[in-house]
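Since the structure comes first, as structure tokens, the remarks are kept for the end.
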Amino acid sequence: MSSVDELQKVIDDSHRIVFFGGAGVSTESGIPDFRSVDGLYNQKYDYPPETILSHTFFVKKTEEFYRFYRDKMLCLDKKPNKAHLKLAELEKAGKLSAVVTQNIDGLHQAAGSKRVYELHGSVLRNYCMKCGKSYTAEFIKTSAGVPKCECSGIIKPDVVLYEEGLDDKTVNGAVNAIANADTLIIAGTSLTVYPAAGMVRYFKGNKLVLINRDATPMDSAADLVFHEKVGELLDKIKVNI
């Protein structure tokens with residue numbers, strides 16, 4: 001395994017770091033992930049989470065979708081952890097150029113990060129499918145049944161469901177950031193969710209760092225590898241301008 005001192009040197013020597021994060025970044029804030037042993041995909045529901053979180057299910061069984069969504073996806077009381085806070089600090093110091101995240105919880109922005117590419121959208125944004133009016137996550141959380149707009153249209157979370165494509169503008173921004181990074185830190189992701197995981201191939205910079213509890217398909221290609229919690233590791237890093 002790599003050492004904290006090695007990571008510190010890489011960060012000290014970098015000026016365009018991009019952080020590519022997955023569910024493992026938010027688990028330290030108490031938000032469950034999907035694929036770990038105790039994640040959502042291993043709990044018991046009337047339907048598998050992969051089915052519930054699909055476009056087809058949302059259209060055909062909208063009320064059942066929202067029952068699961070309110071219960072398991074709207075973690076509105078959770079706070080940024082040490083990973084989120086350190087990344088915001090690195091950005092403010094001019095070391096980190098962007099965060100690319102697969103998470104939908106908005107915790108990077110809550111911590112103070114400004115340039116965040118949310119590949120899978122955000123639970124904090126919701127819109128009427130009929131007139132486009134925006135609604136807050138709190139409105140969705142406290143509504144009953146299928147949330148409706150004042151125009152009678154159904155409100156949909158601005159999250160990318162299975163069977164839906166990623167937002168082109170977000171993807172282009174993320175790819176451009178990764179392509180121009182001198183260091184890419186991949187953390188809290190198994191790198192098995194596509195097309196998001198495929199974006200890392202655009203990285204042509206100096207150092208590739210992997211931080212994940214379990215091994216990933218890219219461990220052998222990385223310059224530094226850490227099998228530990230993201231926040232606990234990043235908290236040991238000093239931000240030197």
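When reading the values below, keep in mind they use all heavy atoms of this one structure, side chains included, and skip hydrogens, waters and symmetry mates. These figures come from a predicted structure and were not determined experimentally.
In terms of modelled atom types and a separation under 3.5 Å, the side chain of Thr62 and the main chain of Phe58 share a donor-acceptor contact. Formation of a donor-acceptor pair under 3.5 Å by the Thr216 side chain with backbone atoms of Ser190 is not found in this model. Between the side chain of Glu28 and the main chain of Asn81, no donor-acceptor pair closer than 3.5 Å is present. Between the side chain of Ser26 and the backbone N or O of Ala23, no donor-acceptor pair lies under 3.5 Å.
Under the salt bridge (Lys or Arg N to Asp or Glu O under 4.0 Å) criterion, Arg16 pairs with no residue, sequence neighbours left out. Residues passing the side-chain hydrogen bond (donor to acceptor under 3.5 Å, both in side chains) test with Thr189 are Gln102, sequence neighbours excluded. Asn126 pairs by the side-chain hydrogen bond (donor to acceptor under 3.5 Å, both in side chains) definition with nothing, not counting sequence neighbours.
Hydrophobic clustering (ILVMFWY, side-chain heavy atoms < 4.5 Å, transitive): Leu107 and Tyr117 are in distinct clusters. Both Ile186 and Leu166 are part of a single hydrophobic cluster, where members link through side-chain heavy atoms under 4.5 Å apart. Clustering ILVMFWY residues whenever any of their side-chain heavy atoms sit less than 4.5 angstrom apart, transitively, puts Val99 in a cluster other than the one holding Ile31. Note: the hydrophobic cluster containing Ile155 also contains Ile104 (ILVMFWY, side chain heavy atoms under 4.5 Å, direct or indirect links). A single hydrophobic cluster is seen to contain both Phe226 and Leu234, as judged by linkage of ILVMFWY side chains at heavy-atom distances under 4.5 Å, directly or through other members.
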* To do: Any chance you could lay out the side chain to side chain contact (heavy atoms under 4.5 Å, CB included) test for Tyr66 and Ile140, step after step, and finish with the verdict?
  => CA-CA 9 Å; Tyr66 269 112; Ile140 302 298; 3.7 Å; yes

* To do: Apply the test side chain to side chain contact (heavy atoms under 4.5 Å, CB included) to residues Met73 and Val159: give CA-CA distance (whole Å), side-chain angles for both, the deciding distance (0.1 Å), then the verdict.
  => CA-CA 11 Å; Met73 307 302 288; Val159 297; over 6 Å; no

* To do: Mind running side chain to side chain contact (heavy atoms under 4.5 Å, CB included) on Lys207 and Asp13 for me, showing each step along the way?
  => CA-CA 10 Å; Lys207 298 292 182 182; Asp13 293 343; over 6 Å; no

* Stepwise side chain to side chain contact (heavy atoms under 4.5 Å, CB included) check, Val10 with Glu6 -> CA-CA 6 Å; Val10 166; Glu6 289 176 298; 5.8 Å; no

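Between Val123 and Pro157 the shortest side-chain heavy-atom distance does not fall below 4.5 Å. Put simply, the side chain of Asp223 does not reach to within 4.5 Å of the side chain of Val209, judged on heavy atoms. Side-chain contact check for Leu96 versus Ile185: every heavy-atom pair is 4.5 Å or farther apart. No side-chain heavy atom of Asp71 sits under 4.5 Å from any side-chain heavy atom of Phe68. Using a 4.5 Å cut-off on side-chain heavy atoms (C-beta onward), Val230 and Phe19 make contact. In this structure, the side chains of Phe65 and Leu161 come closer than 4.5 Å at one or more pairs of heavy atoms.
Of all heavy-atom pairs spanning His84 and Pro80, the tightest one is ND1-CA, 3.6 Å. For the pair Ala111 and Ala88, the tightest heavy-atom approach, listed with the atom from each and the gap, is O-CB, 3.4 Å. Closest approach of Gly121 to Val160, counting heavy atoms only: N-CG2, 4.3 Å. Minimum interatomic distance between Leu74 and Ala137 (heavy atoms only, all atoms of both residues): CD1-O, 4.2 Å. When every heavy atom of Phe57 is checked against every heavy atom of Thr51, the shortest pair comes out as CB-O, 3.0 Å. Considering every non-hydrogen atom in both Asp12 and Lys238, the closest pair reads OD1-O, 4.3 Å.
Taken from CG in Asn240 to CG in Leu90, the straight-line distance is 10.0 Å, to the nearest 0.5 Å. For the atom pair CD1 (Ile211) and NZ (Lys229), the distance works out to 14.5 Å, reported to the nearest 0.5 Å. To the nearest 0.5 Å, atom CG of residue Asp158 and atom CZ of residue Arg125 are 4.5 Å apart. Between atom CG of residue Leu184 and atom OH of residue Tyr202 there is a gap of 14.0 Å, rounded to the nearest 0.5 Å. Note that CG of Leu124 and OG of Ser134 are 12.0 Å apart. Values are rounded to the nearest 0.5 Å. The distance from atom CD of Gln8 to atom NZ of Lys236, rounded to the nearest 0.5 Å, is 12.0 Å.
Other members of a hydrophobic cluster containing Leu85 are absent, since no ILVMFWY side chain comes under 4.5 Å of it, directly or through relayed contacts.
Residue pairs satisfying the side chain to side chain donor-acceptor pair (under 3.5 Å) criterion with at least one member in residues 137-157, sequence neighbours excluded, are listed as follows: Arg70-Ser143, Lys130-Ser152, Lys133-Glu150, Lys156-Glu164. Pairs passing the salt bridge (charged side-chain N to carboxylate O under 4.0 Å, His left out) check and including a residue from residues 75-91, sequence neighbours excluded, read Lys82-Asp235, Lys86-Glu89.
Side-chain N/O atoms of Asn176 and Asn180 include a donor and acceptor closer than 3.5 Å. No side-chain donor-acceptor contact under 3.5 Å links His108 and Asn103.
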